[in-house]
Amino acid sequence: MSADVDPASLSPAEPERKVGLVLSPAWRRRFATLGWGFVSIGLFAGIWELLWALGYANPLLLPPPHLFLSDIPGTLQYFDRSNRIGSVASGGGVLALLLTMGSTTLRVVIGLTLGFICGVAVGATIHYIKPARNLLLPTILLLAPISPVAWLPVAIFVFGIGDVPAVFLVFITVFFAIVLSTGAQIESVPKNYIHVARIMGATRRQTFWRVILPSILPSLFMTLRLNLFAAWMVVLIAETVGVGTGLGQITSMARSTFNARLVFFTMGIIGVLGFLSDWGLRQVQRKMLWWVAPNQGASR
Amino acid sequence: MSSRPAISIRSVSKRWTPEGRAPVQALSNLTFDVAPGEFIVLLGPSGCGKSTLLYMIAGLEDVSGGAIFCDGEPVTEPSAERGLIFQEASLFPWLTIADNVAFGLAIQHEQPVRRREIAIEMLKRVGLGDMLDKKPDELSGGMRQRAACARALAMRPKVLMMDEPFAALDVQTRSRMQDFLLQIWRDSGACVLLVTHSIDEAISLADRVVVFTARPGQVKTIVPIDLPRPRQSRDPRYHAYRDMFTELLADEVERAFAEQEAG
Ligand SMILES: Nc1ncnc2c1ncn2[C@@H]1O[C@H](COP(=O)(O)OP(=O)(O)OP(=O)(O)O)[C@@H](O)[C@H]1O
Ligand SMILES: [Mg+2]
């Protein structure tokens, strides 16, 4: 990267040469990140291809990338446009793929949003209202360690088959973490912040909305981000069981029909979506929580 | 000048009763008055309850005995008339400097336009007129303390309390900040109560210095500083004051240490 950059062009003696010739440091960093991304993924794919070429990887079980990416139109046939269980694949195409991706993503987003908002609300209630704490906290502490996957049967008993159980599972994944973290974070708001608010004559309500909430949001958002991947895991599990469309359903169908190409294709899509959603959350954090650096936040 | 003191502290004592630990008698039987517009420095060994006293005057903590009056009214709750500035600036990182300064005004439902005007005026007064839309962590420690000062001044306080406001600053910044503080004090007409560990800071700033005993804190003596401002540290009288405070503090610090080692 440095080979094409003449160090002299960066010296303050010749500022005019710098303009237009050299990318700004931010862009260079971005390109470097991108470059290393390609190298890393390329290496991974290369080793896989090599194993296949040497005959170690059975193309029926572990088809290398060029195989499962070669017949995309064929693969897309398996994606279905209707959100109905047991409907025969209608030979979907790109639109069906996007629809499938969209419905899975939507379940994650709705579940996370509801879980976050309800978690903060319940967490704050428990922290501030003593009877609520006495009544709710023991139950919450009992339920919190239960794996979201264990909630799946309950979700289906209660909500039946459809979108709701999947959303519910995502909700559960973040809800308890946010409830418990909210209490702990309120506890650790610097005392001086509260003192300032009291001196300025803030009511309890004003103190909560203007001081407590902004000072705990960054850490709560960090908790949300840490639970994002777990949310992606449970949504897929929920989709294999009780939903008519979605990436989890495709994976399960691919497994039962022994379609390795479809399995890996879907896995690739899931990986990309997971990465993009983390990136999306980081952008939200940058825009809405601008006072903390993107990777910081848990410390406050 | 009216004869009624701005603050009067009457037989105040404070006993901390932390959960699960032995109670601590922080202050006992403290009595003194602060005249309107007076500059008082509180000087004493560590742990003698200086911060505790400021918190009680601010109304953030209750007294355990005695009473504190502000303009003749007993202090029962915090009020923006009694501003308090902490050792580490307590600016909110999610607000710009101007919004931090306007925070108290926003709480009191002042119009946004008016809020901004006042914030700009206050920030100009503390020399931060071009820092309006910066974030607090883009400012240096001294600038942050000045911004915290502007936030308190925006409420037009009658009493400005400062708990070791310059302790974390380097020597040069510190002396600049002292000059700045004297100017603010003169302009605003508020009375100032400032806690410090530094004898020099006490001599260069105070009208009167209240010297505390070691814990439980009591008033050991109150020393008026009869030097014209600006005060020169070369002045022989300045040296006399310094020797006097050094001596006054020495036995108290010794006692404080002896007690800390014992328990
Ligand atoms: N919130 C609290 N709970 C219990 N004890 C406290 C509390 N705050 C202060 N104390 C105790 O009260 C005593 C006086 O504390 P304070 O902070 O007022 O001293 P200080 O004079 O300001 O000391 P320093 O100069 O070190 O800041 C100390 O022994 C301290 O341990
Ligand atoms: Mg103190």
Side-chain angles (χ1 to χ4, degrees), chain A residues 26 116 120 124 127 130 133-134 182-183 185-224 281-300, chain B residues 51 54-61 75-97 99-110 115 133-139 144-145 147-149 151-157 159-163 165:
Chain A
F116 189 79
V120 174
H127 185 266
K130 191 115 193 274
R133 172 166 57 235
N134 293 340
T182 299
Q185 292 306 325
I186 294 180
E187 208 56 68
S188 68
V189 171
K191 285 283 172 295
N192 283 354
Y193 290 0
I194 317 260
H195 288 330
V196 168
R198 285 184 62 197
I199 289 173
M200 298 300 181
T203 60
R204 287 190 64 163
R205 179 187 292 256
Q206 283 174 320
T207 308
F208 180 77
W209 287 104
R210 289 168 180 265
V211 178
I212 310 262
L213 199 61
S215 74
I216 64 174
L217 266 185
S219 327
L220 293 183
F221 210 78
M222 208 62 200
T223 310
L224 185 71
L281 278 188
R282 274 210 305 271
Q283 296 308 307
V284 173
Q285 186 177 6
R286 270 235 320 255
K287 288 269 146 54
M288 287 173 47
L289 308 173
W290 51 267
W291 65 95
V292 266
N295 290 316
Q296 185 196 343
S299 63
R300 284 188 195 238
Chain B
S51 304
L54 290 195
Y55 279 53
M56 290 192 301
I57 299 175
L60 295 168
E61 291 289 345
V75 170
T76 51
E77 55 177 15
S79 147
E81 290 200 334
R82 283 168 272 126
L84 176 55
I85 293 166
F86 303 90
Q87 176 170 346
E88 67 278 24
S90 44
L91 300 176
F92 301 128
W94 56 89
L95 296 179
T96 61
I97 296 300
D99 287 343
N100 262 293
V101 172
F103 177 79
L105 300 165
I107 291 292
Q108 321 224 313
H109 305 292
E110 185 66 77
R115 245 154 48 195
D133 297 312
K134 290 257 174 6
K135 299 189 225 173
D137 44 339
E138 290 175 85
L139 267 58
R144 282 204 286 263
Q145 280 304 46
C149 231
R151 175 169 65 185
L153 289 172
M155 308 305 286
R156 310 210 172 279
V159 180
L160 193 57
M161 289 173 279
M162 311 182 118
D163 193 358

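In the text below, chain A, chain B and the rest are named by the order of the sequence lines, each starting its count at 1. Note: hydrogens, waters and symmetry copies are ignored here, and every other heavy atom, side chains too, is used.
- Using a 4.5 Å cut-off between heavy atoms, B:Glu88 touches chain A through backbone and side chain atoms alike.
- In this structure, chain A has no heavy atom under 4.5 Å from any part of B:Ile85.
- Two residues are said to be in side-chain contact when any heavy atoms from C-beta on lie closer than 4.5 Å; B:Trp94 and A:Leu217 fail this criterion.
- A pairwise comparison of heavy atoms in B:Ser90 and A:Asn192 identifies CB-CB, 3.7 Å as the closest pair.
- Contact annotation for B:Leu105: neither backbone nor side-chain heavy atoms come within less than 4.5 Å of a heavy atom of chain A.
- When all heavy atoms are compared, the tightest approach of B:Phe103 to A:Ala197 is CE2-CA, 4.1 Å.
- Inter-residue side-chain proximity for B:Arg82 and A:Ile199 is flagged as unmet; no heavy-atom pair is nearer than 4.5 Å.
- Counting only heavy atoms from C-beta outward, the side chains of B:Gln108 and A:Gln206 never approach each other to under 4.5 Å.
- For A:Arg210 against B:Ala106, the heavy-atom pair with the smallest separation is NH1-CB, 3.6 Å.
- Side-chain contact check for A:Pro190 versus B:Phe92: every heavy-atom pair is 4.5 Å or farther apart.
- In this structure, A:His195 and B:Phe86 have parallel ring planes: the angle between them is below the 30° cut-off, well short of the 60° mark.
- Heavy atoms only, all atoms of each residue included: A:Met200 and B:Ala80 are closest at CA-CB, 4.5 Å.
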